[in-house]
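This report concerns only the one structure given below.
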Amino acid sequence: MIRVYNTLSKTKEEFQPVRKGKVGIYVCGPTVYKPSHIGHMVGPVIFDTIKRYLVYNGYDVTWVVNITDVDDKLIVRSNESGVPIAELARTMTDDYMACLELVGVDGIDHFPKATDHIEAIIKFTESLIDKGFAYAAEGDVYFDVAKAKDYGKLSHRTLEAMQGDGGGTAELKRHSADFALWKKAKPGEPSWKSPWGPGRPGWHIECSVMSAAILGETFDIHGGGLDLVFPHHENEVAQSESCHGKPMAKVWMHNGLMQASSEVGKLGGRQTRAVEGDQASQEAGKIAGSAGAKSFRLLLEEEKFQPETVRFFLLSTHYRRPIDFSVERIRSVGTGLDTFYRFFKRYERVTGENFYAIEAPQVRAAGEFDPGADALLKEVADHRQRFLESMDDDFNTGGATGVLFELVRRLNKFVEDEKLEDPKKRDAAKLASLKLGAKTLRELAGILGIFRKPPEEKAGGDDQLTGQLMQLLIDLRAEARKAKDFATADRIRNSLTEMGITLEDRPGGTDWTRA
RNA sequence: GGCGCCGUAGCCAAGCGGCUAAGGCAGUGGAUUGCAAAUCCACCAUCCCCGGUUCGAAUCCGGGCGGCGCCUCCA
């Protein structure tokens, strides 16, 4: 049984899809006006993992992420840069997609764009006006929050508590919390014809329209960053449920945001906001202005991070908690992952099989096995059980990743105890146990979307000539060691260490790796 | 001011009333090694403070202190 925390009820609920066996997920995507930074990857990685887990549990999952390609920020950026909005949106969408691919997010089934759904947005808006939930005012159309029952139910706030807020066009609104469904075009802005004159969609409406078009008027999971609970999602529910007369989403899931930890104290977001409230301080304490704010691809390049390390970093804590960004932390996660990569090489040395080629079970039931009296396999089965229990509990990837480390340590111990690095100590039964253990590791890692393919070799240079030269050095060193000439042997190894190459002596010979 | 989240070892982090408080990074000792590297083993926390509930609390309740988020078209 999978339990999921629902923002709506503020409790963990047993997950039950609307339609048996099928799950629809809608996650609010980016406004494509600038290159993606690491913070944009948080939600996608989490929901990609959630989708994998649901598929693993036998559900047929459809996942939708919208692309907002018409918006104030896009207009501003376009005016600044001189790049037409459509072109800006296209290149930034490409950048976003490239980043998703890097971190292994490949489960998104639909990427609807706001500009492809203008007609439906207009219809939706008309419908709300017809039903009395919205009103037109001088070319704008506003949603009338006072007419929506339960307005505030998602973010758990009341209209009374929101008095005094509101934007610059408040005079056109009946209530300061009313929000635009349709915005009248200003000169030079992109616009579409509508019954209220030329204009463009408001911020929230595209999600209501596109989710209904693809997933239906009621679907299973609506997700996004915690920052979207209010006003974005609150307004989505209000307009969708007013329009359709039925619940929009069964479960609302919100992930914690990435923060720039080291900068927070110094820049002090809180006091400055309360006292000053100026633009600059609003940026303080947030990811903007820190290393994490730079383009994700640039970050990977400059810090030489494996994208998989970033994915693992994001999954190493529970999704609802905020994550502090720090280069050091990601680096230490990478150090931890090296244990796995070394094990995979070891596995190949011992069994002759490539870890990444193991065909692991894709669904839960298929991964179960009877360990019999095998001590190793009993523990493997136990680890698998604990991994799945963590995932069942509101997708606790933090707990699950811990189990993965325990599992690889157990497998390494088995290789040590049975001395399997020595070919003479190998036998079919032991190798079979090891293989089943590795297969389970691969099965569980697959759920998290990691270890699906080998990490890219570090910084080129592993060409044929390098290989030959390394073999020569290793051979020379082996001869020196045989002759007990350790001075020469150590000189070779130490010099290589300085070049960033590590030698590892093993029963079967010497391996080398680049740092 | 309103609503909400969080405070577990040097750092990160799981844990949601009851076995010895997961796991990672860093560190220390040991096995292994010619010496290393890697691997394995061991060690490394009475869970911010004060009360309360309970046979029993890191886990529940109240109060402090500290950090953070949203309320302002950031994922």
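Proteins come first, then strands; the chains are lettered A, B, ... in the order of their sequence lines, and each starts at number 1.
- In the set B:C70, B:A75, B:C68, B:A75 carries the atom at the smallest distance from any side-chain atom of A:P30.
- Aromatic ring centres of A:F451 and A:F340: separated by under 6.0 Å.
- An OP1 or OP2 oxygen of B:C12 is reached within less than 4.0 angstrom by no side-chain nitrogen or oxygen of A:S326.
- Between the CD atom of A:E498 and the P atom of B:A37 there is a distance of 16 Å, given to the nearest Å.
- Each of B:A75, B:C6, B:G34 was ranked by its minimum atom distance to the side chain of A:D505; first place goes to B:G34.
- Within 4.0 Å of A:D71, counting heavy atoms only, lies at least one base atom of the nucleic acid.
- Nearest-nucleotide positions on RNA chain B place A:S155 closer to the 5' end than the other of A:N255 and A:S155.
- In this structure, A:G29 reaches the sugar-phosphate backbone alone: every heavy-atom distance under 4.0 Å involves primed, P, OP1 or OP2 atoms, never a base.
- Cation-pi geometry between A:K73 and A:Y33 is met: the NZ or CZ atom falls under 6.0 Å from the ring centre, inside 45° of the normal.
- Considering A:L388, A:I50, A:D392 in turn, A:D392 is the only one that fulfils the side chain to side chain contact (heavy atoms under 4.5 Å, CB included) rule with A:I2.
- Nearest-nucleotide positions on RNA chain B for A:R493 and A:R329 put A:R329 closer to the 5' end.
- Side-chain contact, A:Y341 with A:E308: a donor N or O sits under 3.5 Å from an acceptor N or O.
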*Which letter, B, S or -, goes with each nucleotide of nucleotides 20-26 of chain B from 5' to 3', with contact meaning a protein heavy atom under 4.0 Å?*
--BSSSS
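- Between A:E236 atom CD and B:A75 atom P there is a gap of 13 Å when expressed in whole angstrom units.
- Here the separation of B:C19 from B:A58, taken at their P atoms, is 10 Å to the nearest Å.
- Taking atom CD on A:E234 and atom P on B:G4, their separation rounds to 13 Å, with Å as the unit.
- Here B:A75 presents its P atom at 11 Å from CD of A:E206, a figure rounded to the nearest Å.
- For the C1' atoms, the distance linking B:A57 with B:C48 amounts to 16 Å, nearest Å.
- Heavy atoms only, all atoms of each residue included: A:S36 and A:Y96 are closest at OG-CD1, 3.3 Å.
- Listed candidates were B:G69, B:C74, B:G34. Nearest to the side chain of A:A489 is B:G34.
- Residue A:L257 is in base contact, counting any heavy-atom pair closer than 4.0 Å across all strands shown.
- Cation-pi geometry between A:R3 and A:F15 is not met: the NZ or CZ atom fails to fall both under 6.0 Å from the ring centre and inside 45° of the normal.
- Remark: A:R477, A:R481, A:F486 in residues 476-487 of chain A come within less than 4.0 Å of RNA chain B through at least one heavy atom.
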*asked:* ring-ring contact (aromatic ring centres under 6.0 Å, His included), that's the test. Do A:F296 and A:H40 meet it? Break it down for me.
replied: CA-CA 9 Å; A:F296 183 59; A:H40 291 107; 9.8 Å; no
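- Distances shorter than 4.0 Å separate some side-chain N or O of A:K10 from OP1 or OP2 on B:G4.
- Using cut-offs of 30° and 60° on the angle between ring planes, the pair A:W63 and A:F47 is tilted.
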Write down the protein N/O and nucleotide N/O pairs, taken from nucleotides 15-17 of chain B, whose separation is under 3.5 Å; answer none if there are no such pairs.
| from | atom 1 | to | atom 2 | distance (Å) |
| --- | --- | --- | --- | --- |
| B:G15 | OP1 | A:N396 | ND2 | 2.3 |

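- When the nucleotides B:A75, B:A37, B:A14 are ranked by their closest atom to the side chain of A:R506, B:A37 comes out on top.
- When the options A:E234, A:H232, A:H233 are evaluated for a side-chain hydrogen bond (donor to acceptor under 3.5 Å, both in side chains) with A:S155, the one that passes is A:E234.
- The residue A:T497 sits apart from the nucleic acid: no heavy atom pair falls under 4.0 Å.
- Each of A:R346, A:R342, A:M470, A:R506 was compared with A:D511 under the side chain to side chain contact (heavy atoms under 4.5 Å, CB included) criterion, and only A:R506 meets it.
- Donor-acceptor pairing under 3.5 Å is recorded for the side chains of A:T488 and A:D485.
- In this structure, A:F313 has its ring center at least 6.0 angstrom away from the ring center of A:F305.
- Using a 4.0 Å heavy-atom cutoff across all strands shown, A:L226 reaches no nucleic acid atom at all.
- Remark: A:R342 is in phosphate contact with B:U39, judged by side-chain N or O atoms under 4.0 Å from OP1 or OP2.
- The P atoms of B:U32 and B:A37 are separated by 15 Å, rounded to the nearest whole Å.
- Following rounding to the nearest Å, A:L74 (CG) and B:C74 (C1') show an atom-to-atom distance of 15 Å.
- Rounded to an integer number of Å, the gap from CD1 of A:I474 to P of B:A36 is 20 Å.
- Judged by distance alone with a 3.5 Å cut-off, a donor-acceptor contact links the side chain of A:D490 to the base of B:G34.
- The CG atom of A:L154 sits 17 Å away from the P atom of B:C3 (whole-angstrom rounding).
- The aromatic rings of A:H222 and A:W252 sit parallel to each other, their planes meeting at less than 30°, with 60° as the upper class boundary.
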